[in-house]
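Sequence lines set the chain letters: A, B, ... in the order given, protein chains first and strands last, and positions in each chain run from 1. No hydrogens, no waters, no symmetry mates; every other heavy atom, side chains included, goes into these values. In this text the structure is predicted, and so the values were computed from the model without any measurement.
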Amino acid sequence: MTEVIKVANLQQGYGKRIILNDINLNINNGDILGLIGPSGAGKTTLVSTIMGMLKPKQGTVTVLGTPMPNRKLLGRIGYMAQTDALYSVLTARENLTFFGEMQGMSKAELQKQIPYATGIVNLNDDLDKYVKDYSGGMKRRLSLAIALLADPELLILDEPTVGIDPELRQQIWKELHRLADEGKTILLTTHVMEDAEQSSYLMMIRGGRAIAQGTPDDLISQYHVNSVEEVFLQAGRDQDAHASND
Amino acid sequence: MRTLAMIRRVFREMLRDKRTLALMFIAPLFILSLVYFLFQGNTTTTASLATRNVDSSMVTAIKNKHITIHDVSSDKSAKTIIREHDYAGMLSQNGDKLTLTLANTDQSKSAVIKQSLQAAQAKLKGQVAATTIKTQAQALQKMQAALGAATHTPVNATADAGNLKAKLGSTSYTTKTHYLYGSKDSTFFNTLLPIMMGFVVFFFVFLISGIALLRERTTGTLYRLLATPVKRGEIISGYLCGYGAFAFIQTLLIVLFTMYVFKIQILGSIWLVLLINVLLAMVALTLGLLISTFASSEFQMIQFIPIVAIPQIFFAGIIPISSLPGWLQPVSYIMPLYYGASSMSAVVQKGVGFMNVLPNLSILLLFAAVFLVLNLLTMRKYRQV
Ligand SMILES: Nc1ncnc2c1ncn2[C@@H]1O[C@H](COP(=O)(O)OP(=O)(O)O)[C@@H](O)[C@H]1O
Ligand SMILES: [Mg+2]
């Protein structure tokens, strides 16, 4: 087992405003980390910091043994942004090819990987349609295919399941589990409990702090409840109680 | 490699966006035509030109459908002759000195006469050059024939060339132009054209590249791009080459259009005109990309036009810089278009060479370089490495 993501005493923010405080995290390869929390909690900010798009204000972030930020390392990360960032006048295939080339893939690799990545998200039949004619869900799936394209060691998916129907969601989860079994590492953010339950490790963020973290089973037994959802609610109440005590 | 992929993408996007293509290639021609018709006046005007003692070869060369020529022999002053007969101008010759007097009450007529005279001189020069070459070739043949026959026929090549020169008249006239009203600067379209050429290139490249990068910012694709190992420099150079290519085609189109449709004579090198325009386009590109950082929507980008683009045209030489109020003159030195347009005017109207415009071109290059570096810096906002 190797350590893939290590975050130590991270403080992060924009300008003078502090968004995240005291974040500590260790993820090994083969893990699926679910980052869960209400919107505005700072999930995207944490993800951006782990990718090295933002420099930590304080603390350190190490990914695949390399201190972040580091431009070259981005070639080993497959990323899906929270908002679909696609070129609408290009076709899906052209989008895949372009982002693949940017990721550093060769023509041969692209030829092999495009059918694989689009197969997982059921887009094979719409590959040569313009993205402007895509529905919201199709765009989401294309974004996911772009993240999967280079067969990266680390997948970082920001709200990957929004707008995806239950059947396809199941198919995607099956693939994510298969990748994790292969030793790939996956970090995803979500505010959906079903996604949280599928993760092998959970980190709950609320108001910029990690209010609970551990494997789902550990958390459930630690909080003496029956589901991940109840863990989250209980941890939230504890945080509020703590704050009013101060 | 990544830069190439960027360029390919820019091309695809451009070619599929017919409106933007039209804006890039047709709108500039439309604007130039408008300026042409506004300032050239009625192009069907014919100007009447009096000639006195002018070589017949010259008169023939001047003749075209916009000019009626009246040969005069009266030795009254040009001013009087023009006044009496209401001619648009008078051309008189003394040795190889030509004196052109223009009434200049109608600037479009003055322009017609001046253009015709310029064209005539160019034509004569060309003819002489051609015939000189021909005579030399003939002489060479004669010489060879003579040598072959081993006879002693005298070879008369130089004499032939001399005769020919006499027949065609002097090749290098010196022309002096007088104006009864106004001055040479009153020929507005000729002054305006090089400036407008520079301006339309600047304006459209600025607008289109700026909006393209802006769209990339607002749709999040720029951020997504920076989440790959691409260098910021590769993104910018992809933009520069991609849009630069379109800017080059645009420039080529504009230059050819002015040459063949407006029949404007470019006295200097056409390559130099293209070079100046391409440099201007580079400045516009880098500035457009930079300005797009400060806009958060297409509408805001448009709001920058009156601030960034329009003032340039006032300092580009339409109004001579020396006639501006003293405190305002230095402002022109921070306007890229000032350097571009004054070089263009010099090349188009005065035919100056590369070395003369080199200082201006270097300054344009410097502008582009500074904007480029600022672009690289502002992209740090999205990815801090
Ligand atoms: N680029 C930014 N500049 C300033 N503040 C930001 C920026 N991005 C996010 N924020 C703020 O940071 C906080 C956390 O945002 P985010 O990380 O996007 O939350 P989440 O992804 O959990 O919904 C929010 O209050 C948001 O307003
Ligand atoms: Mg988010």
Thinking salt bridges, do Arg12(B) and Glu94(A) make one under a 4.0 Å N-O criterion?
-> yes
Enter the distance from Arg224(B):CZ to Asp84(A):CG here, rounded to the nearest 0.5 Å.
-> 11.0 Å
More than 12 heavy atoms from other groups under 6.0 Å of CD on Gln111(A) = no
Step-by-step side-chain contact (heavy atoms from CB on, under 4.5 Å) determination, Leu225(B) to Phe98(A) | CA-CA 10 Å; Leu225(B) 258 185; Phe98(A) 175 68; 3.7 Å; yes
Using distance alone, with no hydrogens and no angle criterion, decide if Tyr223(B) and Ser48(A) have a side-chain donor and acceptor under 3.5 Å apart.
-> yes
From Thr228(B) atom OG1 to Ile146(A) atom CD1, the distance as rounded to the nearest 0.5 Å = 11.5 Å
For each of Leu54(A), Ile156(A), Thr83(A), tally heavy-atom pairs with chain B at distances under 4.5 Å, and name the one with the top tally.
-> Leu54(A)
Do the side chains of Arg71(A) and Arg383(B) get nearer than 4.5 Å, heavy atoms only?
-> yes
Measuring from Thr219(B):OG1 to Tyr87(A):OH, what's the distance to the nearest 0.5 Å?
-> 7.0 Å
Rounded distance [0.5 Å steps], CE in Met102(A) versus CG in Leu226(B) | 10.5 Å
Answer with side chain, backbone, both or neither: which region of Glu216(B) has an atom nearer than 4.5 Å to a non-hydrogen atom of chain A?
-> side chain
Answer yes or no: does atom OH of Tyr116(A) have more than 12 heavy-atom neighbours from other residues, nucleotides or ligands under 6.0 Å?
-> yes
Pick from Lys231(B), Met6(B), Glu234(B), Arg8(B): which one has the most heavy-atom pairs with chain A under 4.5 Å?
-> Lys231(B)
For Met1(B), is it the side chain, the backbone, both, or neither that has a heavy atom closer than 4.5 Å to a heavy atom of chain A?
-> side chain
Count the heavy atoms belonging to other residues, nucleotides or ligands that lie under 6.0 Å from CZ of Phe299(B), then report whether that count exceeds 12.
-> no
So OG of Ser88(A) and CZ of Arg16(B): to nearest 0.5 Å the spacing works out to 10.5 Å
Heavy-atom closest pair, residues Gly220(B) and Ala85(A) = O-CB, 3.3 Å
Side chain from CB out, backbone as N, CA, C, O: work out which of these in Lys55(A) comes under 4.5 Å of a heavy atom of chain B, or both, or neither.
-> both
